[in-house]
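Notes for the one structure printed next.
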There are 2 protein chains.
Amino acid sequence: MSDLKVTIPGVARSDEGGAGVLAARTRGSVHVIGSGLLGASVGLGLRARGVEVTLEDLSPTTVALAADYGAGRLRGADDPEPALVVVATPPDVTADVIERALAAYPSAVVTDVASVKLAPYLELRRRGVDLTHYVGSHPMAGRERGGAFMARADLFTARPWIICRDEATPAEALALVEAVALDLGGVLLEMTPEEHDRSVGLVSHLPQVVSSLLAARLVPAAEQAIELAGGGLRDTTRIAASDPELWVQILGANREPVVELLDAFAADLGAFAEALRDPARPGAKRRIADLLAAGNRGVSRIPGKHGSSERFATITVFVDDRPGELARLLTELGELGINMEDLRLEHSPGAQIGFAEIAVLPEVAERAVADLVERGWRTL
Amino acid sequence: MSDLKVTIPGVARSDEGGAGVLAARTRGSVHVIGSGLLGASVGLGLRARGVEVTLEDLSPTTVALAADYGAGRLRGADDPEPALVVVATPPDVTADVIERALAAYPSAVVTDVASVKLAPYLELRRRGVDLTHYVGSHPMAGRERGGAFMARADLFTARPWIICRDEATPAEALALVEAVALDLGGVLLEMTPEEHDRSVGLVSHLPQVVSSLLAARLVPAAEQAIELAGGGLRDTTRIAASDPELWVQILGANREPVVELLDAFAADLGAFAEALRDPARPGAKRRIADLLAAGNRGVSRIPGKHGSSERFATITVFVDDRPGELARLLTELGELGINMEDLRLEHSPGAQIGFAEIAVLPEVAERAVADLVERGWRTL
């Protein structure tokens with residue numbers, strides 16, 4: 001279904017072979033600039049794989065905290081030049097820090113983990129910085145709260161990790177960054193900075209803005225309206241809980257694609273509202289139906305656990321709100337030999353019962369329902 | 001947290017006492033007009049509770065199918081007048097069918113299950129129809145696909161069921177509709193038609209339009225962009241899979257509140273895009289941050305399983321993609337005495353591993369992580 005270069009990682013525990021290879025490749029030393037969630041997680045992950053990590057941060061408190069958590073040690077004046085520098089600073093200073101790192105460590109490969117790739121790259125080119133030793137990267141990992149105290153060695157496991165090189169990037173530099181990304185558990189994809197920024201604009205930045213603005217509409221709402229909230233509202237607004245300060249920077253750094261996407265979305269919204277406002281106009285109902293049907297087609301393109309979500313059937317099982325009921329259901333599914341491809345829980349406030357929506361292969365759905373009903377479960 | 005009249009249902013199985021009472025109250029007979037998903041589910045649910053149900057539908061095929069599924073029998077010429085008529089037709093003909101039912105069965109109580117309440121009510125008032133015996137209602141239940149063949153007696157279990165009466169509604173009429181809603185497992189809420197339509201506009205119709213338009217933006221997208229889709233995009237676009245034909249009717253019937261909400265949302269979107277387009281303007285960054293922060297506040301108002309989601313801490317556990325792993329995790333959580341308040345699964349395409357995000361009470365989160373790690377689970 002895709003011609004991208006996707007590498008499926010093993011579940012990277014501290015396996016001696018891999019760790020030894022990476023340690024040798026990095027000549028035993030990676031320097032991480034910026035000790036927040038991502039920088040400290042890179043440090044923890046690499047140290048777990050036998051790599052020596054040094055740390056640096058504008059804030060003495062932050063870097064001391066990351067060191068305390070085991071992400072690495074402060075860099076000393078006598079330390080040899082690292083093989084790799086990972087820039088993990090906020091997006092608005094990424095270009096400056098990359099330039100400084102390339103100058104300070106002229107034989108090192110420099111990468112960054114910023115969630116936008118074009119603006120820093122263009123800024124560095126504009127300044128005439130030699131980017132031969134720079135390889136951009138973006139691990140799509142994060143948590144709702146930032147900071148070194150949230151860092152984990154496993155943060156990147158099974159997450160897409162995008163690599164942006166250009167035609168001048170030497171094979172060894174690319175291989176080193178890829179080795180680190182793979183060893184930290186990432187799923188590699190290669191893109192140009194433009195492709196990256198447009199892509200994350202569409203699949204991450206636009207949904208973030210839309211979700212935040214939708215949730216913002218709930219602020220002045222009556223309590224009785226909020227009481228009617230169902231799974232649809234909960235799903236559409238979940239990411240509205242994200243950190244505003246971080247997102248101001250991300251959106252600012254990916255301004256042009258995001259503004260373009262917001263304008264296109266606003267045009268669709270305007271067309272929809274116009275058609276709804278004046279239903280007597282010829283074609284108004286058709287226009288509304290067309291936009292809703294396009295939504296059907298769009299959502300069917302999103303890959304699920306093992307590819308397209310169209311591949312699965314959903315069975316809904318009632319689960320009493322008692323400890324252990326869901327575990328019992330899943331255990332019985334296992335006993336029945338039914339493989340669960342995905343699971344969603346849904347509850348209504350005030351109700352004593354919930355629903356488990358279980359995705360299974362279509363060919364087993366009917367038997368699964370029959371077997372569950374025979375065992376006393378109620379299905380919808 | 002609310003002063004609404006909420007009644008928490010027991011888990012309504014066919015309990016003899018309740019069924020007998022309802023059968024007596026309805027004098028043994030409910031007539032359901034419209035044999036789609038909701039009408040057939042009402043029929044199945046009432047028949048399971050010992051109530052005689054007759055059916056009617058414009059389409060002979062549809063009504064025969066519903067009867068075959070056990071939702072009731074076709075109404076005969078000699079049948080006595082029913083105690084209750086449930087109108088379960090598409091929203092655009094609801095008012096007509098209610099008027100006809102009130103005329104045909106002058107001593108019956110008439111209710112409907114349409115997802116909009118004001119337009120049919122105003123239309124009936126405009127026509128001068130005596131609404132003494134009419135009580136509007138809206139069970140917030142549905143499935144991704146409609147039709148009698150998807151109907152279930154349990155469809156309404158634990159779902160909000162809104163009742164709209166007016167000052168002229170006799171207590172007995174209200175009590176009858178409430179008894180049916182409760183017996184079918186619904187969670188009762190009382191609202192005026194205006195409150196209902198504004199409320200569902202905000203928590204259901206606006207999110208539907210926004211989600212559909214967001215998903216529609218994916219139609220022309222490059223495959224490599226879609227490959228980067230994460231949980232955020234999946235969540236925000238899930239309901240975009242809904243039936244366009246049904247939604248054309250729902251949105252058309254709730255036109256004014258939805259247009260108003262879309263206009264307000266479009267204004268927020270425009271303000272956001274403007275601030276992003278011209279970041280040098282004084283206050284632009286502040287404006288973006290304010291809108292994102294309002295999203296934080298809005299999402300925190302949505303009730304979760306047992307009230308506000310702010311009440312819970314989330315722990316993230318890595319789960320290998322092997323049958324039985326999740327069941328084992330939930331079983332061990334039970335053994336550890338840790339009560340799971342909610343559960344979400346997340347997967348990356350191409351990865352051999354997933355994440356289970358488990359909501360627990362904050363005071364047990366730390367111990368839960370420690371206990372799970374001790375048993376060999378990896379947490380994020």
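Numbered from 1 within each chain, the chains take letters A, B, ... in sequence-line order.
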Query - Side-chain heavy-atom pair Arg217(B), Asp268(A) within 4.5 angstrom cut-off - result: yes
Query raised in the report: What residue, out of Leu251(A), Leu233(A), Leu261(A), has the most heavy-atom pairs lying under 4.5 Å from chain B?
Result: Leu233(A)
Query raised in the report: Could you go step by step and tell me if Val210(B) and Thr236(A) meet the side chain to side chain contact (heavy atoms under 4.5 Å, CB included) rule?
Result: CA-CA 9 Å; Val210(B) 165; Thr236(A) 47; over 6 Å; no
Query raised in the report: Looking at Met140(B), Lys285(B), Glu195(B), which has the largest count of heavy-atom pairs under 4.5 Å with chain A?
Result: Glu195(B)
Query raised in the report: Counting heavy atoms not belonging to Glu260(A), are there more than 12 under 6.0 Å from its CD?
Result: no
Requested in this report: With a 4.5 Å cut-off on heavy-atom pairs, point out which of Leu262(A), Leu213(A), Thr237(A) contacts chain B the most.
Outcome: Leu213(A)
Requested in this report: Starting at CZ of Phe318(A), measure out to OG1 of Thr157(B) and round the result to the nearest 0.5 Å.
Outcome: 4.0 Å
Report summary line: Note: vs chain B, highest number of non-hydrogen pairs under 4.5 angstrom among Ser199(A), Ala240(A), Ala293(A), Ser212(A) is Ala240(A)
Query raised in the report: Counting N and O atoms only, with roles assigned by atom type, does the side chain of Arg238(A) sit under 3.5 Å from a partner on the main chain of Asp235(B), one being a donor and the other an acceptor?
Result: no
Query - Thr331(A), part contacting chain B, at a heavy-atom distance under 4.5 Å - result: both
Query - Under 4.5 Å from any heavy atom of chain B - which part of Leu292(A) - result: both
Query raised in the report: Hey, does Leu206(A) have a side-chain heavy atom less than 4.5 Å from the side chain of Leu214(B)?
Result: yes
Report task. Identify which of Ala264(A), Ala273(A), Gly252(A) forms the greatest number of heavy-atom pairs closer than 4.5 Å to chain B. Result -> Ala264(A)
Query raised in the report: Do Gln224(A) and Leu189(B) have side-chain heavy atoms sitting under 4.5 Å apart?
Result: no
Query raised in the report: Counting only N and O atoms by type, is there a donor-acceptor contact under 3.5 Å from the side chain of Arg152(A) to the main-chain atoms of Thr379(B)?
Result: no
Query raised in the report: So does Asp263(A) pair up with Arg277(B), basic N to acidic O under 4.0 Å?
Result: yes
Query raised in the report: At a heavy-atom separation under 4.5 Å, does Ile162(A) approach chain B through its side chain, its backbone, both, or neither?
Result: side chain
Requested in this report: Grab the two heavy atoms, one from Ala229(B) and one from Ile302(A), that are nearest each other, plus how far apart they are.
Outcome: CB-CG2, 3.9 Å
**Report entry** Inter-residue atom distance Asp154(B).CG - Thr316(A).OG1, 0.5 Å rounding
**Finding:** 11.5 Å
Query - Best-contacting candidate, Leu291(B), Leu333(B), Leu269(B), Asp290(B), against chain A by heavy atom pairs under 4.5 angstrom - result: Leu269(B)
Query raised in the report: CG/Leu228(B) to NE2/His138(A) distance, rounded to the nearest 0.5 angstrom?
Result: 9.0 Å
Query raised in the report: Would you find more than 12 non-hydrogen atoms of other residues, nucleotides or ligands less than 6.0 Å from Arg255(A) atom CZ?
Result: yes
Query raised in the report: Would you say Glu245(B) has more than 12 foreign heavy atoms packed within less than 6.0 Å of its CD?
Result: no
Query raised in the report: Donor-acceptor pair, Arg301(B) side chain versus Ala221(A) backbone, under 3.5 Å?
Result: yes
Report summary line: Under 4.5 Å to a heavy atom of chain A? For Ala222(B) that would be backbone
Report task. Measure across Ile239(A) and Gly232(B) and return the closest heavy-atom pair with its distance rounded to 0.1 Å. Result -> CG2-CA, 3.8 Å
Query raised in the report: Between Asn296(A) and Ser242(B), is there a donor-acceptor pair closer than 3.5 Å when you use the side chain of the first and the backbone of the second?
Result: yes
Report summary line: In terms of heavy-atom pairs under 4.5 Å with chain A, the winner among Val219(B), Leu276(B), Val248(B), Val259(B) is Leu276(B)
Query raised in the report: Does atom CD of Glu256(B) have more than 12 heavy-atom neighbours from other groups under 6.0 Å away?
Result: no
Query raised in the report: So do Leu218(A) and Val299(B) actually touch side chain to side chain, heavy atoms under 4.5 Å?
Result: no
**Report entry** Winner by heavy-atom pair count (cut-off under 4.5 Å) against chain A, out of Leu202(B), Val209(B), Leu329(B), Ile226(B)
**Finding:** Ile226(B)
Requested in this report: Pick whichever of Leu326(A), Ile338(A), Val258(A), Ile288(A) has the most heavy-atom pairs under 4.5 Å with chain B.
Outcome: Leu326(A)
